[in-house]
Amino acid sequence: MCGMPSAESTQASVHEPDPVRPTKEDEVAAAGSELIGGPLGRRALLGASWWTPVRVIALVAIGMFALGLVQKAPCYNGAWFFGASSQYTHACYSDIPHLYQGRGFADGLVPYFDRLPGDMQYLEYPVLTGVFMEVASWLTPGSGTIQYQEQWYWMVNAGMLMVCAAVIAVCVTRTHARRPWDGLLVALAPAAALTATINWDLLAVALTAAAMLMWSRGRSLAFGVLLGLATAAKLYPFLILGPLMVLCWRAGRWRAFGTALGGTAAAWVVVNGPVMLFAFEGWSKFYTFSQERGVDFGSFWLIMAQNSDDPLSTDTVNTLATLLMLASCAAVAALALTAPRRPRFAQLAFLIVAAFILTNKVYSPQYVLWLVPLAALARPKWRDYLIWQTCEVAYFLGIWLYLAYTTSGDAHKGLPTDGYHWAIALHLLGTLYLCVMVVRDIFLPDRDPVRRAGDDDPSGGVLDGAEDVFVLGPAARPRRQVTAQFDGPPVEWGKPGATGGSL
């Protein structure tokens, strides 16, 4: 008798939608599953053992992170400390050990308050990232050689960043309740494993992923607080407030957006206010540095500058990049208000962050981390995701080989300038390709893997299943059946009156 389910659990299981099995709907996932015994069967007992999707994906994410640490071993064992180009030829560069001494942590200087020796007068990172760096320095032994301390500092940061990586994988796994295995896209992302310990971006990415999870549960205030903390760690997370505002406008959910906006502002002020008040010059360094920084690695602006006899000034590039970003914001807003069906929140969040990456004057290789969780939620299709990841891995190798070329003197070991430009182009094209796929899904929702499974907007929280109250263009006219060549049944949209956030 004890092995029989209760009436309550039986009733719940009857009404609860079945989880989506990616090996059934995704040919690449099905082919990849052959490595571990084949696709998941119809009678598999999902969640009936300790090995739930969340735990499996968290362990996979930690395993991939550990492989990324192994990839940095040549640098840990000497390339960071001996020879200018060996850390590039081994493709294992990291800012973390170099900035331990370069930003005053080895000397016990307080970020933002104490002036640094050299050209960089203050720490050029947002406040919450500076706190993260400072905490890691407290856990680093203050004795021994500087190499020993820098090795420890990198290991301490790596441990803290590993927690962030696990949080990201878990949050993405739980955001789309019926699609937990989409979290494997994040956990197995090769570009993420390679770039995870280059810098401290994983902190902001983890906070953003947690914010997206809270919004999907209908918790607007928690979303706002977490997004404000993410923005206090890195600038890019605040961008997703724009698409959220337009989606809430279309659905008439202004109260939820106002709560989210207030939470974001309050959390950001709580973190930044004390430093801004008592060490304004140090606090503002991040913003002035970003403004004064010239055209740098990874951007199409660099290709233009290196192929021009009269490159654009930094002020001109700043103006043009801002105008391009504003145009992108306008395009995303128009897409949100005119699409035949309201776009999913994750789709527009991905597009706006991708637009910032594509138009910005610099693209450091770890910036791919910003897009990894958003891409998994926006376009959970293994083929397209792997195409994009392949382009990013190629760029990862390209930038280090280019730096090896520029730092190896007459030996010229590595990738010349023209080759590096092709690596940049590959990164840009890969990101654009994924953007095109997401936009296509918005205009042809029957091709959207999430909506083809019968969901509306599982990451949308209060937007999930909500009726439109303000639309423009074709969306304002009576909806017609959209015909498209695809395999699978037509999409059933969210029903009027359905509520989101009850995942």
Side-chain angles (χ1 to χ4, degrees), residues 126 204-205 208 211-212 215 223-224 227-228 230-231 234-254 256-258 260-265 268 287 290-291 293 298-301 315-363 367-368 370-371 373-375 377-379 427-428 431-443 457 459-461 463 468-476:
V205 178
T208 304
M212 295 286 289
W215 181 264
F223 164 83
L227 193 71
T231 306
K234 204 77 179 178
L235 188 60
Y236 86 90
F238 92 95
L239 292 171
I240 69 175
L241 285 173
L244 184 62
M245 181 191 73
V246 181
L247 291 173
C248 288
W249 183 8
R250 178 163 174 166
R253 302 291 181 162
W254 285 112
F257 176 76
L261 181 62
T264 301
W268 187 90
Y287 302 96
S290 300
Q291 185 72 14
R293 186 178 190 177
S299 67
F300 74 89
W301 301 105
D315 288 340
T316 301
V317 171
N318 287 339
T319 301
L320 293 176
T322 300
L323 291 175
L324 283 175
M325 187 58 198
L326 290 175
S328 300
C329 292
V332 170
L335 182 63
L337 294 175
T338 62
R341 175 66 186 177
R342 187 174 58 248
R344 293 189 290 110
F345 177 34
Q347 291 175 319
L348 295 192
F350 170 81
L351 289 176
I352 202 68
V353 176
F356 180 72
I357 282 176
L358 291 169
T359 60
N360 199 21
K361 60 185 177 182
V362 58
Y363 178 74
Y367 288 3
V368 68
W370 304 358
L371 288 178
L374 298 177
L377 296 172
R379 177 67 180 167
H427 141 67
L428 295 171
T431 304
L432 280 171
Y433 170 77
L434 204 53
C435 289
V436 169
M437 292 297 101
V438 172
V439 171
R440 187 192 68 171
D441 288 346
I442 292 173
F443 281 113
D457 187 2
S459 63
L463 302 170
D468 290 332
V469 300
F470 179 82
V471 290
L472 295 174

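In this chain, numbering begins with 1 at the start of the sequence shown.
Scanning for side chain to side chain contact (heavy atoms under 4.5 Å, CB included) contacts around Ala256 gives Trp215, Ser220, Val462, with sequence neighbours left out. Residues passing the side chain to side chain contact (heavy atoms under 4.5 Å, CB included) test with Phe238, sequence neighbours excluded: Thr231, Leu235. For Phe300, the side chain to side chain contact (heavy atoms under 4.5 Å, CB included) partners at least two apart in sequence or on another chain are Met304, Leu324, Leu428. Annotation: side chain to side chain contact (heavy atoms under 4.5 Å, CB included) contacts of Val246 (sequence neighbours excluded): Ala333, Ala336, Leu337.
Going from atom CG of Leu323 over to atom OG1 of Thr359 covers 10.5 Å, rounded to the nearest 0.5 Å. Atom CH2 of Trp254 and atom CE of Met245 lie 5.5 Å apart (nearest 0.5 Å). Summarising the geometry, atom CG belonging to Asn318 is positioned 9.5 Å from atom OG belonging to Ser290; distances are rounded to the nearest 0.5 Å. Expressed to the nearest 0.5 Å, how far CG of Leu227 lies from CD1 of Ile240 amounts to 4.5 Å.
The nearest pair of heavy atoms linking Met325 to Leu239 is CE-CD2, 4.2 Å. Of all the heavy atoms in Ile442 and Pro343, the pair that sits closest is CG2-CG, 3.7 Å. Across every non-hydrogen atom of Ala251 and Val469, the tightest pair is C-CG2, 3.6 Å.
When atom types are taken as modelled, the side chain of Arg342 and the backbone of Val471 share no donor-acceptor pair closer than 3.5 angstrom. Of the possible polar contacts, none joining the Asn360 side chain to the Ala321 backbone as a donor-acceptor pair under 3.5 Å is found. Between the Lys361 side chain and the Arg293 main chain, a donor and an acceptor come within less than 3.5 Å of each other.
With a 4.5 Å cut-off on side-chain heavy atoms, Thr208 and Pro237 count as touching. Between Val362 and Trp301 there is no side-chain heavy-atom pair separated by less than 4.5 Å. In this structure the side chain of Phe257 never reaches within 4.5 angstrom of the side chain of Trp249, judged on heavy atoms.
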Acceptor/donor pairs from residues 431-439 side chains to any protein atom, 3.5 angstrom cut, sequence neighbours excluded:
from, atom 1, to, atom 2, distance (Å)
Thr431, OG1, Glu392, OE2, 3.4
Thr431, OG1, His427, O, 3.1
Tyr433, OH, Asp384, OD1, 2.5

What donor-acceptor contacts under 3.5 angstrom involve side-chain atoms of residues 345-355, with partners at least two apart or in another chain?
from, atom 1, to, atom 2, distance (Å)
Gln347, OE1, Arg344, N, 2.9
Gln347, NE2, Asp448, OD2, 3.3

Quiz item: Are Leu463 and Leu244 close enough, and set up right, to give a side chain to side chain contact (heavy atoms under 4.5 Å, CB included), and what steps lead you there?
Solution: CA-CA 10 Å; Leu463 302 170; Leu244 184 62; 4.2 Å; yes
Exercise. Start with the C-alpha gap between Leu374 and Met212, add the side-chain angles, then the distance that decides, and say whether side chain to side chain contact (heavy atoms under 4.5 Å, CB included) holds.
Key: CA-CA 9 Å; Leu374 298 177; Met212 295 286 289; 4.2 Å; yes
